Amino acid sequence: MTHMPASRPYHHGDLRAALLKSAERTLRDKGAGALSLRELARDIGVSHAAPGRHFKDKQALLDALALTGYERLIRALRSADTPGLPLPQRLTSLARAYLGFAIDNPALLELMFARKHEPDAQLADAVERSIGSLTHLVADAQQRGELVAGDPERITMVMAASLHGLAALVASCALPAQEALDGLDDHVHHLLHGLTPRRP
């Protein structure tokens, strides 16, 4: 009598976590185009139908990967934020955390910002929370007179665009990571003070 090979005994939550871990490894090593639910099932030793219990299609998998990226980024930014610091040091600390995330997770960062559809509520909330540290920084700095008055959301967007632009240059290998880290103080200085000549 022939015995069928036993499936690996994943519990419900474990299978989802195993799929995401394998998917992130594939994303990092081969890119998003190489991701396949069937290949992931083969990689972790479950039936090809098993991933369907957690992800209805590849897009659902990509969204879940992006969500894990945002959650990781949010934790990094929250850990780096020290509200009592003067604005330049506080912003530099946040920028360093963002840049560190980009250096460690270039493919994941690209995926997080490469969506071609409207995010679901959970992902949209994560996107909003990911810039929460900058939003709080802007509000605090305006209250203390460290930043110009004006729409805090617009000012936050200027900061976020600048920091993400730097991170994207690093993630795409257009700028060496160490060079970006070494120039971070200058980057933040120019962001806060502009590029026009200072009058003596």
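Quantities reported herein were computed from a predicted structural model and do not represent experimental measurements.
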### Task
Indicate the atoms forming the closest heavy-atom contact of Ala23 with Leu61, along with that distance.
CB-CD1, 4.0 Å

### Task
Please report the closest heavy-atom contact between Ala97 and Ala76, naming both atoms and the distance.
CB-O, 3.9 Å

### Query
Considering residues at least two apart in sequence or located in another chain, which fulfil the ring-ring contact (aromatic ring centres under 6.0 Å, His included) criterion with His190?
none

Residues 126-133, side-chain donor-acceptor partners within the protein, below 3.5 Å, at least two apart:
from   : atom 1 : to     : atom 2 : distance (Å)
Arg129 : NE     : Asp125 : OD2    : 2.9
Arg129 : NH2    : Glu71  : OE2    : 2.7
Ser130 : OG     : Val127 : O      : 2.6

### Message
Quick check: is Val148 connected to Met159 through a chain of hydrophobic side chains (ILVMFWY, heavy atoms under 4.5 Å apart)?
### Response
yes

### Query
Considering residues at least two apart in sequence or located in another chain, which fulfil the salt bridge (Lys or Arg N to Asp or Glu O under 4.0 Å) criterion with Arg38?
none

#### Entry: Note, Glu179 side chain near Asp182 side chain (heavy atom, < 4.5 Å)
no

### Summary
Nearest heavy-atom approach of Asp57 to Ala60 is OD1-N, 2.9 Å

### Query
Just by distance, do the side chain of Ser93 and the backbone of Ala80 share a donor-acceptor pair under 3.5 Å?
yes

### Task
Measure the CD-CG distance between Glu110 and Asn105 for me, rounded to the nearest 0.5 Å.
12.5 Å

#### Entry: For Met112 against Tyr70, the heavy-atom pair lying closest together
O-OH, 3.0 Å

### Summary
By salt bridge (Lys or Arg N to Asp or Glu O under 4.0 Å), Arg144 pairs with (sequence neighbours left out) Glu146

### Task
Might you work through the side chain to side chain contact (heavy atoms under 4.5 Å, CB included) test for Glu24 and Lys21, ending with a clear yes or no?
CA-CA 5 Å; Glu24 188 169 349; Lys21 185 175 181 180; over 6 Å; no

#### Entry: Within one Ile-Leu-Val-Met-Phe-Trp-Tyr cluster: Ile103 and Leu109, side-chain cutoff 4.5 Å
no

### Task
Following the transitive rule for hydrophobic clusters with a side-chain heavy-atom cut-off under 4.5 Å over Ile, Leu, Val, Met, Phe, Trp and Tyr, establish whether Leu40 and Ile44 coincide in one cluster.
yes

### Task
Without swapping roles, check the side chain of Ser36 against the backbone of Glu39 for a donor-acceptor pair under 3.5 Å.
yes

### Query
Apart from Ile74 itself, which Ile, Leu, Val, Met, Phe, Trp or Tyr residues share its cluster (side-chain heavy atoms under 4.5 Å, direct or through members)?
none

### Query
In Å, rounded to the nearest 0.5 Å, how long is the span from NE2 of His54 to CG of Leu37?
11.5 Å

### Query
How many angstroms lie between CG in Asp104 and CG in Leu73, if you round to the nearest 0.5 Å?
11.5 Å

### Task
Mind listing the closest non-hydrogen atom pair of Lys58 and Ala32 along with its distance?
NZ-O, 3.1 Å

### Message
Apply side chain to side chain contact (heavy atoms under 4.5 Å, CB included) to residues Tyr98 and Leu94 and explain how you reach the verdict.
### Response
CA-CA 6 Å; Tyr98 196 99; Leu94 286 171; over 6 Å; no

### Query
What heavy-atom pair brings Ala107 and Arg28 nearest, and what distance separates the two atoms?
CB-CA, 4.2 Å

### Query
After noting the C-alpha distance and the side-chain angles of Leu108 and Phe101, does the key distance pass the side chain to side chain contact (heavy atoms under 4.5 Å, CB included) rule?
CA-CA 9 Å; Leu108 186 57; Phe101 180 88; 4.2 Å; yes

### Query
So, the side chain of Ser22 versus the backbone of Ala18: is there a donor-acceptor pair under 3.5 Å, distance only?
no

### Message
Checking Leu19 against Leu15 for the side chain to side chain contact (heavy atoms under 4.5 Å, CB included) test, could you report, in this order, the C-alpha distance in whole Å, the side-chain angles of both residues, the deciding distance, and whether it holds?
### Response
CA-CA 6 Å; Leu19 287 165; Leu15 175 57; 4.0 Å; yes

### Message
As an exercise, state the distance from CG of Leu137 to CG of Leu77, rounded to the nearest 0.5 Å.
### Response
11.0 Å

### Query
Would Leu91 and Leu184 show up in the same hydrophobic cluster when neighbours are defined by side-chain heavy atoms closer than 4.5 Å?
no

### Reported CG-to-OG1 distance for the pair Asp151 and Thr156, which is rounded to 0.5 angstrom
8.5 Å

### Query
In chain order, what residues pass the salt bridge (Lys or Arg N to Asp or Glu O under 4.0 Å) check against Arg90, with sequence neighbours excluded?
Asp81, Asp140

### Query
When you measure from the side chain of Lys30 to the backbone N and O of Leu35, does any donor-acceptor pair fall under 3.5 Å?
no

### Message
As a quick check of understanding, evaluate side-chain hydrogen bond (donor to acceptor under 3.5 Å, both in side chains) for His187 and Ser162, giving each step before the final call.
### Response
CA-CA 9 Å; His187 185 93; Ser162 177; 2.8 Å; yes

### Task
Give a yes or no on whether Leu175 and Leu163 share a hydrophobic cluster (residues Ile, Leu, Val, Met, Phe, Trp, Tyr; joining criterion: side-chain heavy atoms under 4.5 Å apart).
no

